[in-house]
Enquirer: 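Got a structure here, written out as structure tokens. Questions coming.
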Amino acid sequence: MHLKKYLRKCLHRLQKGPGYTYKELLVWYCNNTNTHGPKRIICEGPKKKAMWFLITLLFTSLVCWQWGVFIRTYLSWEVSVSLSIGFKTMDFPAVTICNASPFQYSKVKHLLKDLDELMEAVLERILAPEQSYTNATRTLNVTIWNDTPLVLIDERDPHRPVVLDLFGDVHHGSASSSPAPERTCTAQGCKVAMRLCSLNGTVCTFRNFTSATQAVTEWYLLQATNIFSHVPRHELVEMGYPAERLILACLFGPEPCNYRNFTSIFHPDYGNCYIFNWGMTEKALPSANPGAEFGLKLILDIGQEDYVPFLTSTAGARLLLHGQRSYPFIKDEGIYAMSGTETSIGVLVDKLERKGEPYSQCTMNGSDVPVRNLYSDYNTTYSIQACIRSCFQEHMIQNCSCAHFLYPLPHGERYCNNREFPDWAYCYSHLRMNVAQRETCINMCKESCNDTQYKMTISMADWPSEASEDWIFHVLSQERDQSTNITLSRKGAVKLNIYFQEFNYRTIEESAANNIVWLLSNLGGQFGFWMGGSVLCLIEFGEILIDFVWITIIKLVAFAKSLRQRRAQARYAGPPPTVAELVEAHTNFGFQPDVARPGPDPGTYPDEQTLPIPGTPPPNYDSLRLQPLDVIESDSEGDAI
């Protein structure tokens with residue numbers, strides 16, 4: 001059976017009436033559709049036809065425009081935030097406690113001896129610039145100073161700034177400046193800056209400060225970081241404050257506890273930190289009731305008399321409340337508790353539940369974040385703080401060829417130091433101020449979809465009071481040092497009370513602002529209002545599209561068939577065969593026609609022989625076969641088209 005006839009039969013069985021041309025299909029649709037406008041285009045007179053055509057076209061455009069607005073709004077993936085309040089017994093948060101000083105000065109003094117002497121000379125130079133320090137600088141270890149020196153920038157003449165080394169060398173900010181070694185500068189007339197150089201001092205930059213206090217503090221911290229990067233981690237832990245010296249008393253609700261109930265970690269900024277109720281494998285401790293009586297009570301001794309003088313300028317205890325399975329970023333999120341006071345912290349819980357893709361760029365566990373989590377060695381959950389710091393450490397390694405001491409060390413890498421990486425300070429300063437680097441890390445990292453935040457209400461009072469100070473310090477000294485003398489003082493004593501204010505917790509949850517039901521309702525409402533249509537009208541339109549495709553296929557098949565026939569006739573060079581030759585070929589299978597020649601030749605047939613007379617072809621006996629009725633009707637209908 002021919003392909004065209006087969007397609008016509010399929011179309012006939014599909015529609016039974018719309019027609020086999022585009023015009024017939026369009027007329028049939030306008031007469032039978034449930035949409036109001038197209039009917040009037042067919043039924044009305046010429047003028048009303050034009051009017052209804054324009055009205056239908058206008059309203060169709062309005063519907064398409066409204067549909068585009070609603071679909072674009074739906075695809076913007078907007079969210080709505082709902083707040084709900086619940087009440088239940090809650091797990092007590094993990095509590096991280098650190099001393100403000102990372103190390104005991106008595107144990108690191110030998111490492112910082114040269115740096116401290118240099119620091120004292122710097123302070124003397126800043127405070128008394130008119131004095132001569134020729135004799136004082138002879139005993140200093142200038143190796144540390146030459147790597148990253150502090151300078152004075154004299155900007156009293158803005159067009160000719162002069163850079164003065166603190167120990168006498170002069171570097172001019174402009175090429176036309178003349179040497180002025182005898183020039184002195186006071187702290188009021190000059191700014192203290194840090195000179196950072198790379199490529200053996202050929203490329204330098206200056207990091208300015210508004211106060212000399214900030215300048216010397218940052219410079220000392222940078223040099224101390226270089227020193228501590230050479231010390232193994234276990235030795236740094238031994239130089240910090242041990243738990244038995246820091247934690248004097250502990251009580252959780254009615255149950256006593258001690259320093260053995262705390263987990264120890266080493267923090268580069270605060271040394272040894274101790275975490276209560278923390279760990280991935282251990283079950284979190286629940287709080288029996290809200291109120292100060294059922295919380296955590298601690299008494300600490302920060303040992304302020306053994307602080308590193310130039311490394312730490314703040315005295316107190318640093319603490320942070322966080323989840324049981326999260327790493328404590330205490331430098332960014334923690335708070336200070338002042339010595340000589342009792343600090344009460346009431347806790348409220350907020351639970352955040354964000355929608356995932358495509359509504360927001362959040363992650364459940366960080367597996368889809370293209371940054372290696374360097375804090376995974378602590379067996380903690382993902383957080384955006386961990387991701388950003390891991391990203392910065394990766395950029396530090398890529399750009400400076402070493403890792404910074406304040407961040408976790410990846411396997412196979414080394415910490416930055418002046419001996420192996422003399423340009424690391426310049427590279428680190430440039431990378432930290434690079435806005436593009438920060439934006440790259442922020443774009444790569446994602447927020448956690450589920451997060452718990454602890455809101456704190458803090459109050460303080462003097463502790464102990466003057467009336468009870470003597471006996472309290474006597475008892476605590478006896479318990480810790482087995483001494484009848486008082487070994488504690490108000491400068492080191494810190495008391496903490498951490499408790500739930502109430503068991504009410506807030507859940508802040510994101511939900512889709514525009515869901516699929518909202519979209520379908522608005523699409524159907526606009527279509528029904530402007531066109532008087534429904535879903536069935538859309539199905540009718542889809543049916544017409546299918547018929548349109550079938551008619552197009554039939555026309556393409558007919559066109560391809562006619563094109564193939566024309567090409568076959570163009571390839572036939574001679575005259576067409578006669579009817580007699582066709583009859584002979586049909587009845588005699590051994591018949592071979594004459595070879596075709598380019599044109600008629602009078603010599604082909606002699607004069608005595610006449611040209612062959614065309615005859616009648618034999619009948620097609622296939623027509624005598626019995627066929628089903630529906631096939632005969634379909635053939636007749638197809639032939640009639």
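Just so you know, these numbers use all the heavy atoms, side chains as well, and skip hydrogens, waters and symmetry mates. What you are looking at is a predicted structure, and each value in this text was computed from that prediction instead of being measured.
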Enquirer: Could you tell me if Q214 and T210 have a donor-acceptor pair between their side chains, going purely by distance under 3.5 Å?
Expert: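 A donor-acceptor contact under 3.5 Å links the two side chains.
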Enquirer: Got a sec, which residues hit salt bridge (charged side-chain N to carboxylate O under 4.0 Å, His left out) with D91, two or more places apart in sequence or on another chain?
Expert: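 So D91 forms no salt bridge (charged side-chain N to carboxylate O under 4.0 Å, His left out) with any residue.
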Enquirer: Would you list the pairs meeting disulfide (SG to SG under 2.5 Å) in which at least one residue belongs to residues 292-367, sequence neighbours left out?
Expert: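 Counting only pairs at least two positions apart or across chains, the disulfide (SG to SG under 2.5 Å) contacts touching residues 292-367 are C362-C449.
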Enquirer: So, applying ring-ring contact (aromatic ring centres under 6.0 Å, His included) with F252, which one of F262, Y499, F294, F92 is it?
Expert: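 For F252, the ring-ring contact (aromatic ring centres under 6.0 Å, His included) test succeeds with only one of F262, Y499, F294, F92, which is F92.
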Enquirer: May I ask you to decide if T314's main-chain N or O and T312's side chain share a donor-acceptor pair within less than 3.5 Å?
Expert: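 Checking the backbone N and O of T314 against the side chain of T312, no donor-acceptor pair under 3.5 Å is found.
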Enquirer: Looking at C400 and C416, are the sulfur gammas closer than 2.5 Å to each other?
Expert: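 Answer is no, sulfur atoms not closer than 2.5 Å.
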Enquirer: Tell me whether the guanidinium CZ or amine NZ of K351 lies under 6.0 angstrom from the six-membered ring centre of Y505 and within 45° of its axis.
Expert: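 So K351 does make the cation-pi contact.
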Enquirer: Under the 3.5 angstrom rule, does the side chain of N399 hit a backbone N or O of M396 as a donor-acceptor pair?
Expert: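 No.
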Enquirer: Could you tell me which non-hydrogen atom of G253 sits nearest to which non-hydrogen atom of L251, and how far apart they are?
Expert: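 Heavy atoms of G253 and L251 come nearest at O-CG, 3.4 Å.
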Enquirer: ring-ring contact (aromatic ring centres under 6.0 Å, His included) between F392 and H395: does it pass, once the steps are laid out?
Expert: CA-CA 5 Å; F392 179 84; H395 288 177; 7.8 Å; no
Enquirer: State whether E244 and R480 are salt-bridged, where the test is any N-O pair (Lys NZ or Arg NE/NH1/NH2 against Asp/Glu carboxylate O) under 4.0 Å.
Expert: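 Salt bridge flag = no for R480 with E244.
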Enquirer: Counting only pairs under 3.5 Å, give me each side-chain donor-acceptor contact of residues 93-103, with atom names and distances, residues two or more places apart or in other chains.
Expert:
unit_1, atom_1, unit_2, atom_2, d
T96, OG1, H322, NE2, 2.6
N99, OD1, Y307, OH, 2.5
N99, ND2, I302, O, 2.7
S101, OG, F103, O, 2.9

Enquirer: Does either side chain, that of N226 or that of Y415, offer a donor lying less than 3.5 Å from an acceptor on the other one?
Expert: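 There is no such pair between these side chains.
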Enquirer: Side-chain donor-acceptor contacts of residues 107-114 below 3.5 Å, not counting sequence neighbours, with atom names and distances?
Expert:
unit_1, atom_1, unit_2, atom_2, d
K107, NZ, E238, O, 3.3
H110, ND1, K107, O, 3.4
K113, NZ, E117, OE2, 3.0
D114, OD2, N141, ND2, 3.2

Enquirer: Compare all side-chain heavy atoms of D306 with those of Q104 and state whether any distance is below 4.5 angstrom.
Expert: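 They are in contact (side-chain heavy atoms under 4.5 Å apart), so the answer is yes.
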Enquirer: Under 3.5 Å, is there a donor-acceptor pair linking the side chains of S229 and N417?
Expert: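 Absent: no donor and acceptor within the cut-off.
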Enquirer: Whether the T341 and D462 side chains hold a donor-acceptor pair (N or O, under 3.5 Å, no angle test) is what I'd like checked.
Expert: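 Not at all, the side chains of T341 and D462 share no donor-acceptor pair under 3.5 Å.
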Enquirer: For D423 versus S198, what's the shortest heavy-atom pair and its separation?
Expert: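 Smallest heavy-atom distance, with atoms named: OD1-CA, 3.4 Å.
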Enquirer: Should the SG-SG distance of C445 and C387 be recorded as below 2.5 Å?
Expert: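 Yes, C445 links to C387 through a disulfide.
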Enquirer: Just so I know, are the side chains of K455 and V347 near enough to count as touching, which here means a heavy-atom distance under 4.5 Å?
Expert: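 No - every pair of side-chain heavy atoms lies 4.5 Å or more apart.
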Enquirer: Ignoring hydrogens and angles, tell me if any N or O in the side chain of E510 forms a donor-acceptor pair with the backbone of K355 under 3.5 Å.
Expert: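 Yes, the answer is positive, given that a donor and an acceptor are paired below the 3.5 Å cut-off.
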Enquirer: Identify whether the distance between the nearest side-chain nitrogen and carboxylate oxygen of E305 and K491 falls below 4.0 Å.
Expert: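 Salt bridge flag = no for K491 with E305.
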Enquirer: Can you find a heavy atom in the side chain of T440 that is under 4.5 Å from one in the side chain of N443?
Expert: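 No, every pair of side-chain atoms sits at 4.5 Å or beyond.
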Enquirer: Look at the side chain of K297 and the backbone N and O of K495, then say whether any donor-acceptor pair between them is shorter than 3.5 Å.
Expert: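 Absent.
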Enquirer: Applying the side chain to side chain contact (heavy atoms under 4.5 Å, CB included) test to I330, which of L320, I275, I265 qualifies?
Expert: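 Result for side chain to side chain contact (heavy atoms under 4.5 Å, CB included) with I330: L320.
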Enquirer: Quick one: list whatever passes salt bridge (charged side-chain N to carboxylate O under 4.0 Å, His left out) with R438, sequence neighbours left out.
Expert: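 For R438, no residue satisfies salt bridge (charged side-chain N to carboxylate O under 4.0 Å, His left out) once neighbours in sequence are set aside.
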Enquirer: Verify, without hydrogens or angle tests, whether R354 (side chain) and S448 (backbone) share a donor-acceptor contact under 3.5 angstrom.
Expert: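 Yes: the side chain of R354 pairs with the backbone of S448.
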Enquirer: For the residue pair W424 and H404, does the interplanar ring angle fall in the parallel (under 30°), tilted (30 to 60°) or perpendicular (over 60°) class?
Expert: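 W424 vs H404 ring planes: perpendicular.
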Enquirer: Listed by chain and number, what are the ring pair (Phe, Tyr, Trp, His ring centres under 6.0 Å) partners of W145, not counting sequence neighbours?
Expert: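 For W145, the residues satisfying ring pair (Phe, Tyr, Trp, His ring centres under 6.0 Å) (neighbours in sequence not counted) are F167, W219.
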Enquirer: Given S80 and S511, is the side chain to side chain donor-acceptor pair (under 3.5 Å) satisfied, shown in steps?
Expert: CA-CA 5 Å; S80 60; S511 59; 3.1 Å; yes
Enquirer: Is it possible for you to check whether R318 lies under 6.0 Å from the centre of the six-membered ring of Y336, through NZ or CZ, and within 45° of that ring's axis?
Expert: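 The answer is yes; both the distance and angle limits are met.
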Enquirer: On the 0 to 90° scale, with breaks at 30° and 60°, tag the F329-Y375 ring pair as parallel, tilted or perpendicular.
Expert: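 F329 and Y375: perpendicular rings.
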Enquirer: Within the distance-only criterion (no hydrogens, no angle test), does the side chain of S521 pair as donor or acceptor with the backbone N or O of W518 below 3.5 angstrom?
Expert: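 Answer holds: no.
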